[in-house]
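Each remark here refers to the structure printed beneath this line.
Any value given below was found using the heavy atoms of this structure, including those in side chains, with hydrogens, waters and symmetry copies removed.
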Amino acid sequence: MSSQSFEFNASNLEAWQKAATKSAPGGDVSALNWKTPDGIIVKPLYTAEDTANLPYANTLPGFEPFLRGPQATMYSVRPWTIRQYAGFSTAEESNAFYRKALAAGGQGVSVAFDLATHRGYDSDHPRVEGDVGKAGVAIDSVEDMKILFNEIPLDKVSVSMTMNGAVLPVLAGYVVAAEEQGVSQDKLSGTIQNDILKEFMVRNTYIYPPEPSMKIIGDIIEYTAKNMPKFNSISISGYHMQEAGANQALEMAFTLADGKEYVKTAIAKGMDVDDFAGRLSFFWAVGMNFYLEIAKMRAARLLWCRIMKGFDAKNPKSLMLRTHSQTSGWSLTEQDPYNNVVRTTIEAMAAVFGGTQSLHTNSLDEAIALPTEFSSRIARNTQLIIQEETHITNVIDPWAGSYMMESLTQEMADKAWAIIEEVEAMGGMTKAVDSGWAKLKIEAAAAEKQARIDSGKDVIVGVNKYKLAKEDLVDTLSIDNVKVRDGQIERLKAIRASRDSAAVQAALDALTASAESGQGNLLDLSIKAIRLRATVGEVSDALEKAYGRHRADTQKVTGVYAAAYDSAEGWEQLQKEIAGFADQHGRRPRVMIAKLGQDGHDRGAKVVATAYADLGFDVDMGPLFQTPEECARQAIENDVHAVGVSTLAAGHKTLVPAIIAELKKQGADDIIVFVGGVIPRQDYEMLYDAGVKGIYGPGTPIPASAKDVLEQIKKAVA
């Protein structure tokens, strides 16, 4: 049999262009290009010419600049760690879940705390009535922490804790629980998130202002470097940025810039970079932009190596970016939710191809409620199947040498580096966050993305295309918030009655004094207080006396949603109806978008506020963390027609009826209430019975909700 050699050359490329022109829309090959949300042009064809001048296209894993992975053998010797991020209700229930997950193939514990704990409140605090045990596990003291890890050997099981605001008492509680289990600090392995800059941009579970928050981070890095050599003192997180709307380049740039700021903070405490940098880790979101996610993870390792060389790091471990990843929660849909199994599988594959060190896969029902045991098992088995059945682990960085992937990796790196340089020109990430610039960049990206979905430019199967005629209910996990809170309050009473109150107060006073003077290590002092049975709320309050509580300015972007939507006919008609209302009533329809309780996830609230304002509504944004009483008072003072409650943390059954009752109590039951966010359909009837006029779950086009709200306002003022 004769063989023929086929080579790439200019004439072959010209022939391809002629062939492609015949089938391309309008005879224009450039019409086949895809412009990513990051502004990168992805071509339909890549050739050797695209990689000819790339400086890192022929490197090896385990060696600088680590583009192909931080370890030389990657998954061929040791696959990624399978994690299950979970926590709900009580410490007892969460502990039972962790033990089952570990027995079924899980390889580490990742703890989700409730919002009361995140914000440094004990469960008996009046501001957290609707939050206790709802979106994570309630932890008030070391006694709860001991139950959480009961029969889980902390010298053998790696523990990851997503905690930022109340990081001191929570990390201290983990250390003391381990001590009382017989495990010394030097044997503890895992990660504490401890990434406060990201909280000021997107997730909002902060407690103290930026400057003292950075002091806390420095103290934790210092203490763990000396006493907990196996423990990662910080997980620098892009995950919540992407969940809040950031594209991949923004997520990568802001996360690496945050990391750079934390390194500066530790060095400013007199630490040598190589004493701590090897224990820094990262945390990425992995969404549905498959190619971009792989390129992002490869490019991030390249850039982190560059950044750490700028700090004169010598140890190769200081130059390596190691990361945990989690599939996207935002990409999950309430509609046709079994499609979410497919989405999570694709995202998990991208994380693996990108070279993650550990992975959490979301459950199919997380756009509706907390995951059930059934859905959690599917999510965990998704990873086991990829790891055990596909043989993907046998090849290290299989995308290496791909014309497309190597080009895209470099373009992602260049795009992110330009943003990092912009941040540096502002004076660093703390200043970029303080000014509000970083937050607004993410919110603009979120508004643009939502407009593209609502207008049908971006397809979401089952939501804006291929929709089911009838949606079946999915079984969901429901938490009895009242029962959980009552139990926590009883345990708090018992702890306070049995401890040495004078010793506790002295330990708390020492914390306040340290915070005021800047002397001493705050984690060391927190551990001493927690050993004496000080509570999470008491440690947080002791620091608040010195630092105060941070209150963010509420800003919103304008014009972005309208510019990206451009579905002119329906949009312009709705604008005319709103203008007509203003002509008839002497003012525009006025709505207040509110976040109640301790739920700081405000992507949905900000996007709705932006879109409604672009349509012509007068829009007020309530501050984060309002009580129903405070929200009702502001709505009345601002003379709004409607209050829209955005809820993502399962507090709707308590907080939404409470705001309706408060409006009635304050003589304003003519103000209508509507709700949007993560709400199981099983709860709709209860909310309508309570007086809610509209419920808009995930996937509801914003113009559709706006039209319905306008009609409800018209009825109310008629």
Identified side chain to side chain donor-acceptor pair (under 3.5 Å) partner of Arg83 from the options Ser158, Ser325, Ser160: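 Only one option passes, and that is Ser158.
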Can you tell me how far [atom2] of [Y] sits from [atom1] of [X], rounded to the nearest 0.5 angstrom?
| X | Y | atom1 | atom2 | result |
| --- | --- | --- | --- | --- |
| Gln326 | Thr356 | CD | OG1 | 10.5 Å |
| Met241 | Lys441 | CE | NZ | 13.5 Å |
| Met297 | Leu302 | CE | CG | 14.5 Å |
| Leu292 | Met405 | CG | CE | 8.5 Å |
| Asn164 | His240 | CG | NE2 | 7.5 Å |

Parallel, tilted or perpendicular: rings of Tyr206 and Phe200 (30°, 60°):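 Answer is parallel, since the angle falls under 30°.
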Heavy-atom closest pair, residues Ala400 and Glu406: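 Here Ala400 and Glu406 meet closest at CA-OE2, 3.5 Å.
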Least distance between heavy atoms, Ala542 atom then Thr512 atom: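 What the structure gives for the nearest pair is O-OG1, 2.8 Å.
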Which donor-acceptor pairs under 3.5 Å do side chains of residues 310-318 form with protein atoms, sequence neighbours excluded?
| residue | atom | partner | partner atom | Å |
| --- | --- | --- | --- | --- |
| Asp312 | OD1 | Lys314 | NZ | 3.0 |
| Asp312 | OD2 | Lys314 | NZ | 2.8 |
| Lys314 | NZ | Asp312 | O | 3.3 |
| Asn315 | OD1 | Lys317 | N | 2.9 |
| Ser318 | OG | Asp274 | OD1 | 2.6 |

Neighbour count >12 (heavy atoms, 6.0 Å) for atom OH, Tyr208: yes
Between Glu243 and Ser328: side-chain donor-acceptor atoms closer than 3.5 Å: yes
Derivation and outcome, side-chain hydrogen bond (donor to acceptor under 3.5 Å, both in side chains), residues Thr409 and Arg298: CA-CA 6 Å; Thr409 297; Arg298 299 171 91 243; 2.9 Å; yes
Axial cation check for Trp330 ring with Arg603, 6.0 Å and 45° limits: yes
Residue of the set Val286, Asp38, Thr36, Ile40 for which side chain to side chain contact (heavy atoms under 4.5 Å, CB included) holds with Gln248: Asp38
Stepwise side-chain hydrogen bond (donor to acceptor under 3.5 Å, both in side chains) check, Asp114 with Thr117: CA-CA 6 Å; Asp114 74 355; Thr117 306; 2.6 Å; yes
Audit row: Ser331, Glu347, side-chain hydrogen bond (donor to acceptor under 3.5 Å, both in side chains) steps and yes/no: CA-CA 10 Å; Ser331 71; Glu347 291 166 351; 2.7 Å; yes
